[in-house]
Structure formats: C-alpha cells, structure tokens
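Excluded from the calculations below are hydrogen atoms, water molecules and symmetry mates; all remaining heavy atoms, backbone and side chain alike, are included.
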Amino acid sequence: QVQLVESGGGLVQAGGSLRLSCAASRSTFSNYAVGWFRQAPGKEREFVASLRWSGSSTVYADSVKGRFTISRDNAKNTAYLQMNSLKLEDTAVYYCAATPANMGGKYPSQYPYWGQGTQVTVSS
C-alpha cells in the first residue's frame with residue numbers, strides 16, 4: 001500500500017508553467033511505476049504521462065508531448081510533472097497514480113494507487 005499526495009496546482013495564464021509534485025508515503029516508492037492523469041469537467045480521466053520505476057523510460061500523451069516532462073526523485077519518494085506552455089485545454093484535475101510494476105500503462109485501471117488530485121486552471 002502506498003499513499004500519494006499531489007501538490008502544486010493552481011491558476012496560471014496560458015503560456016505559463018506549473019510543476020506538480022506527487023509525494024509517496026513509503027520508501028519502496030522506487031519500486032513503483034508512476035503515471036499522471038487528468039480529468040476535465042464532464043470528461044473521462046485521461047492519460048498524460050508515465051514513468052518507469054527507474055526513471056529510464058517515459059511515455060506521453062500526444063497532446064502534451066514536448067510541453068510536459070515527467071520525472072522522479074526516488075531519494076525523496078516524489079514524482080513530478082513539469083508543465084510548460086500551458087493551454088486552456090490543459091485545465092483539469094491532475095492525478096498522480098502508482099503501480100508496483102516496472103512500467104505503467106495508459107489506462108487508469110492499470111494503477112491501483114491514486115492521489116486525491118490537484119486542480120490546474122489555465123486562463124486566457
């Protein structure tokens with residue numbers, strides 16, 4: 001079992017940047033693959049990015065490729081999502097997720113552990 005707590009959301013103008021953090025409750029977090037998902041009002045939760053437990057491999061949704069960067073610091077039991085060049089359509093609640101596997105996938109069902117979410121609002 002691992003608890004995840006996201007932080008770093010907020011209100012930002014289009015074109016701006018935010019960095020989300022996902023703090024994990026246990027030191028074995030380094031054995032978990034991590035994913036970031038988001039959910040806008042009235043829409044299904046969608047995949048944003050995932051990261052291998054070692055940090056050596058990443059996957060991004062096409063909509064964020066080149067703008068977002070997923071990373072982790074296993075010494076701090078924390079994962080990050082750096083979001084640059086934010087667009088209005090990036091507005092959503094962002095969730096961190098973890099799975100005790102080598103690499104996570106693109107589907108929410110592949111992740112048994114979730115944070116509570118953090119709101120990101122991009123304004124014009």
Side-chain angles (χ1 to χ4, degrees):
Q1 185 93 9
V2 59
Q3 281 77 45
L4 304 172
V5 179
E6 301 98 334
S7 61
L11 175 65
V12 63
Q13 286 192 324
S17 298
L18 281 175
R19 188 176 81 156
L20 305 183
S21 298
C22 172
S25 62
R26 58 186 299 170
S27 60
T28 55
F29 182 60
S30 60
N31 296 332
Y32 290 72
V34 174
W36 284 96
F37 291 76
R38 66 187 182 187
Q39 188 166 17
K43 295 188 176 182
E44 292 187 353
R45 192 167 298 188
E46 67 171 357
F47 171 77
V48 175
S50 62
L51 178 64
R52 190 179 292 271
W53 66 271
S54 64
S56 62
S57 178
T58 58
V59 178
Y60 295 94
D62 288 344
S63 59
V64 307
K65 202 171 294 183
R67 300 188 298 121
F68 290 12
T69 302
I70 187 172
S71 63
R72 67 191 301 162
D73 185 340
N74 287 336
K76 296 182 178 179
N77 298 328
T78 303
Y80 304 96
L81 185 68
Q82 177 67 43
M83 305 186 296
N84 299 328
S85 302
L86 283 160
K87 304 176 180 180
L88 296 178
E89 53 264 40
D90 294 320
T91 294
V93 177
Y94 282 72
Y95 297 90
C96 173
T99 179
N102 188 21
M103 183 62 176
K106 297 183 178 181
Y107 301 98
S109 60
Q110 294 174 299
Y111 296 82
Y113 305 110
W114 290 82
Q116 82 290 350
T118 185
Q119 176 71 47
V120 171
T121 303
V122 184
S123 65
S124 59

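For the residue pair Ser25 / Gln3, a side-chain donor-acceptor distance below 3.5 Å is found, with atom types taken as modelled. Of the N and O atoms on the side chains of Arg38 and Tyr94, at least one donor lies less than 3.5 Å from an acceptor on the other residue. A donor and an acceptor atom, one from each side chain of Trp53 and Asn31, are nowhere located under 3.5 Å apart. Checked by atom type, the side-chain pair Asp73/Thr78 shows no donor-acceptor distance below 3.5 Å.
Of the possible polar contacts, one joining the Glu6 side chain to the Cys96 backbone as a donor-acceptor pair under 3.5 Å is found. At least one donor-acceptor pair closer than 3.5 Å links the side chain of Arg72 to the backbone N or O of Arg52. Side-chain atoms of Thr118 come within 3.5 Å of backbone atoms of Gly9 as a donor-acceptor pair (strictly under, hydrogens ignored). Although no hydrogens or angles enter the test, the distance criterion places no donor-acceptor pair under 3.5 Å between the side chain of Gln39 and the main chain of Glu44.
To the nearest 0.5 Å, the span separating CZ on Phe68 from OG on Ser63 amounts to 7.5 Å. Note that the OG atom of Ser50 and the OH atom of Tyr60 stand 9.0 Å from one another [nearest 0.5 Å]. Expressed to the nearest 0.5 Å, how far CG of Leu4 lies from CH2 of Trp114 amounts to 10.0 Å. The OG atom of Ser7 sits 9.0 Å away from the CZ atom of Arg19 when rounded to the nearest 0.5 Å. Distance check: Thr58 OG1 to Leu51 CG gives 7.0 Å after rounding to the nearest 0.5 Å. For the atom pair Ser30 OG and Asn77 CG, the distance stands at 7.5 Å (nearest 0.5 Å).
Between Gln119 and Thr91, the shortest heavy-atom distance links the atoms NE2-CG2, 4.1 Å. Heavy-atom minimum distance, Pro100 versus Tyr113: CD-CE1, 4.1 Å. Summarising the geometry of Ser21 relative to Trp36, their closest heavy-atom pair is O-CH2, 3.8 Å, with the distance given to 0.1 Å. What you find for Val59 and Met103 is that their closest heavy atoms are CG2-CE, 3.7 Å. Residues Gly8 and Leu18 share a closest heavy-atom pair of O-CD2, 3.8 Å. Scanning all heavy atoms of the two residues, the minimum distance from Ser85 to Asp90 falls at O-OD2, 4.4 Å.
For Asp62 and Lys65, the salt-bridge test passes: some basic side-chain N is under 4.0 Å from an acidic carboxylate O.
Two residues are said to be in side-chain contact when any heavy atoms from C-beta on lie closer than 4.5 Å; Val93 and Arg45 fail this criterion. Residues Ser17 and Met83 form no side-chain contact, since every pair of their non-hydrogen atoms from C-beta on lies 4.5 Å or further apart. Under the 4.5 Å side-chain criterion, counting only non-hydrogen atoms from C-beta, Val48 is in contact with Leu81.
Linking ILVMFWY residues whenever their side-chain heavy atoms come closer than 4.5 Å, directly or via other members, places Leu88 and Leu86 in the same cluster. In terms of hydrophobic clustering, with Ile, Leu, Val, Met, Phe, Trp and Tyr side chains grouped at heavy-atom distances under 4.5 Å, Tyr111 and Val2 are assigned to different clusters.
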**Report entry** Residue pair Lys106, Glu46: steps toward the side chain to side chain contact (heavy atoms under 4.5 Å, CB included) verdict
**Finding:** CA-CA 8 Å; Lys106 297 183 178 181; Glu46 67 171 357; over 6 Å; no

Requested in this report: Evaluate side chain to side chain contact (heavy atoms under 4.5 Å, CB included) for Thr69 paired with Asn84, printing each intermediate quantity in order.
Outcome: CA-CA 8 Å; Thr69 302; Asn84 299 328; 5.6 Å; no

Query - Pair Leu20-Gln82, side chain to side chain contact (heavy atoms under 4.5 Å, CB included): steps then yes or no - result: CA-CA 6 Å; Leu20 305 183; Gln82 177 67 43; over 6 Å; no

Query raised in the report: side chain to side chain contact (heavy atoms under 4.5 Å, CB included) between Ser123 and Leu11: does it pass, once the steps are laid out?
Result: CA-CA 7 Å; Ser123 65; Leu11 175 65; 4.1 Å; yes

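Residue Glu89 qualifies as enclosed at atom CD: its count of foreign heavy atoms under 6.0 Å is above 12.
Aromatic rings from Phe47 and Phe37 are positioned such that their centres are separated by under 6.0 Å.
Between Phe29 and Tyr32, the ring planes are parallel. Angles under 30° get that label, and only those over 60° would be called perpendicular.
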